[in-house]
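Here it is, the structure in full.
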Amino acid sequence: MRYPKVSECVDVFEALWPTALAESWDSVGLAVGDPDAEVRSILLALDPMDAVIAEAVVLGSDLVFNHHPLMLKPVKSVNASTLKGGAVHTLISNDIALFNAHTNADSARGGVSDVLISLLGIDNAQPLVPHAEGSPTGIGRVGDLPTPTPVRDIARTLSNRLPRTTTGVRIAGDPAATVARVAVCGGAGDSLFDEVRASGAEVYITADLRHHPATEARDTANRNDGRPQLIDVSHWASETVWLTAAAEQLETEFAERGLSVALQHSAVNTDPWVERY
Ligand SMILES: [Zn+2]
């Protein structure tokens, strides 16, 4: 067993979450780092926030593996006094590489939405928006509960199985409605209502549901049969559960290649909401 280079870590990440599965607008892959540098430890986190980068510095991590990109929008400079430039400077001056798998990790089998829907005991879910015709990969998931269940019981199950958050789990629609067909999209999924309706989902679980998309989705539902009911969870919570599954996959993949690297979960909670009254 030997330590991998950054480039070999990228090969492992690519095998699990191929760049080809990413949406065209996305920014995924190695954002900062020298492909030839050695990696002894990787810190896994959801967001490349300053507190996560500071944690990597303290821990002596060689690579930070994130879900969300540091630079989704193009930047024109990495001047250290800018938000993004400051992060890039801290990473480079501490010899820390930064890699992220975003919509490619949403799309992959065993990815973000698969992990989210499996919290409800649904293990054979299909993509809500297949990557290609008939593909088992793609954005969101839809599947059936073994037993029809009231929406409020699903919300309570999610509340118990997701990490505790300030914003909690919210229902729009009829909490007493009994549903079996479930659609999910980890992270912000309010652009997928058409696909959710087309899938026949009776409840849609996603995050960051805003007032207008939510009220319009409810009116659209109420003019038909009232479905889908909506469950809104914390963006952070809906995706952070995936990191545990990702770490297990990484452990196996590195070992199969004869590579030794320590994997650590960030202890920083990057959910921005801290109190509610
Ligand atoms: Zn997200």
Side-chain angles (χ1 to χ4, degrees), residues 13 16-19 21-31 43-53 55 64-74 83-84 87 98-120 125 127-129 131 137-142 158-159 161-170 182-193 195-196 204-210 213-214 230-247 249-250 265-266 268-274:
F13 302 148
L16 293 172
W17 307 290
T19 304
L21 293 179
E23 297 290 300
S24 57
W25 49 262
D26 205 359
S27 166
V28 303
L30 188 67
L43 182 67
L44 292 99
L46 207 63
D47 299 284
M49 288 183 73
D50 287 352
V52 170
I53 295 170
E55 182 187 26
V64 175
F65 175 92
N66 276 141
H67 181 49
H68 293 132
L70 176 67
M71 293 171 283
L72 183 58
K73 293 179 195 150
L83 181 68
K84 305 298 178 177
L98 180 72
F99 182 98
N100 80 291
H102 188 213
T103 51
N104 43 339
D106 294 330
S107 179
R109 293 304 289 175
V112 177
S113 290
D114 263 331
V115 171
L116 182 58
I117 203 166
S118 72
L119 295 179
L120 300 174
L128 201 49
V129 186
H131 184 66
T137 59
I139 298 299
R141 291 292 183 268
V142 60
L158 288 169
S159 174
R161 296 187 179 165
L162 287 169
R164 249 358 230 167
T165 57
T166 304
T167 45
V169 177
R170 304 179 296 180
V182 178
V184 308
C185 179
D190 64 12
S191 62
L192 297 177
F193 282 120
E195 289 83 355
V196 169
Y204 180 38
I205 301 161
T206 189
D208 288 344
L209 279 182
R210 292 168 300 154
L230 305 176
I231 296 180
D232 179 90
V233 298
S234 145
H235 188 135
W236 174 83
S238 75
E239 297 181 330
T240 203
V241 286
W242 166 71
L243 287 177
T244 306
Q249 288 179 286
L250 287 169
H265 287 266
S266 171
V268 177
N269 182 333
T270 55
D271 189 1
W273 312 113
V274 296

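Just so you know, ligand 1 is whichever comes first in the structure, and atom 1 is the first atom listed for that ligand.
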Margin query: Against I139, only a single residue in V112, L128, L21, L192 fulfils side chain to side chain contact (heavy atoms under 4.5 Å, CB included); can you say which?
Written below: L192
Next item on the list: If the plane angle is over 60° it's perpendicular, under 30° parallel, otherwise tilted; pick one for H235 and H68.
Entry: perpendicular
Check: Would one find an N, O or S atom of H102, in either backbone or side chain, under 2.8 Å from the Zn ion (ligand 1)?
Finding: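 Under 2.8 Å: H102 has no N, O or S contact with the Zn ion (ligand 1).
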Check: Which residues pass the side-chain contact (heavy atoms from CB on, under 4.5 Å) test with A237, sequence neighbours left out?
Finding: L162, P163, T165, S234
Note to self: If I take the Zn ion (ligand 1) as the centre, what angle separates the NE2 atom of H68 from the OE2 atom of E239? Nearest 10 degrees is fine.
What the structure shows: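 That angle is 130°.
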Margin query: Going by side-chain hydrogen bond (donor to acceptor under 3.5 Å, both in side chains), name the residues that satisfy it together with H131, two or more places apart in sequence or in a different chain.
Written below: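 Here no residue qualifies.
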Check: Would H67 count as a contact for the Zn ion (ligand 1), in the sense that one of its N, O or S atoms lies under 2.8 Å from it?
Finding: no
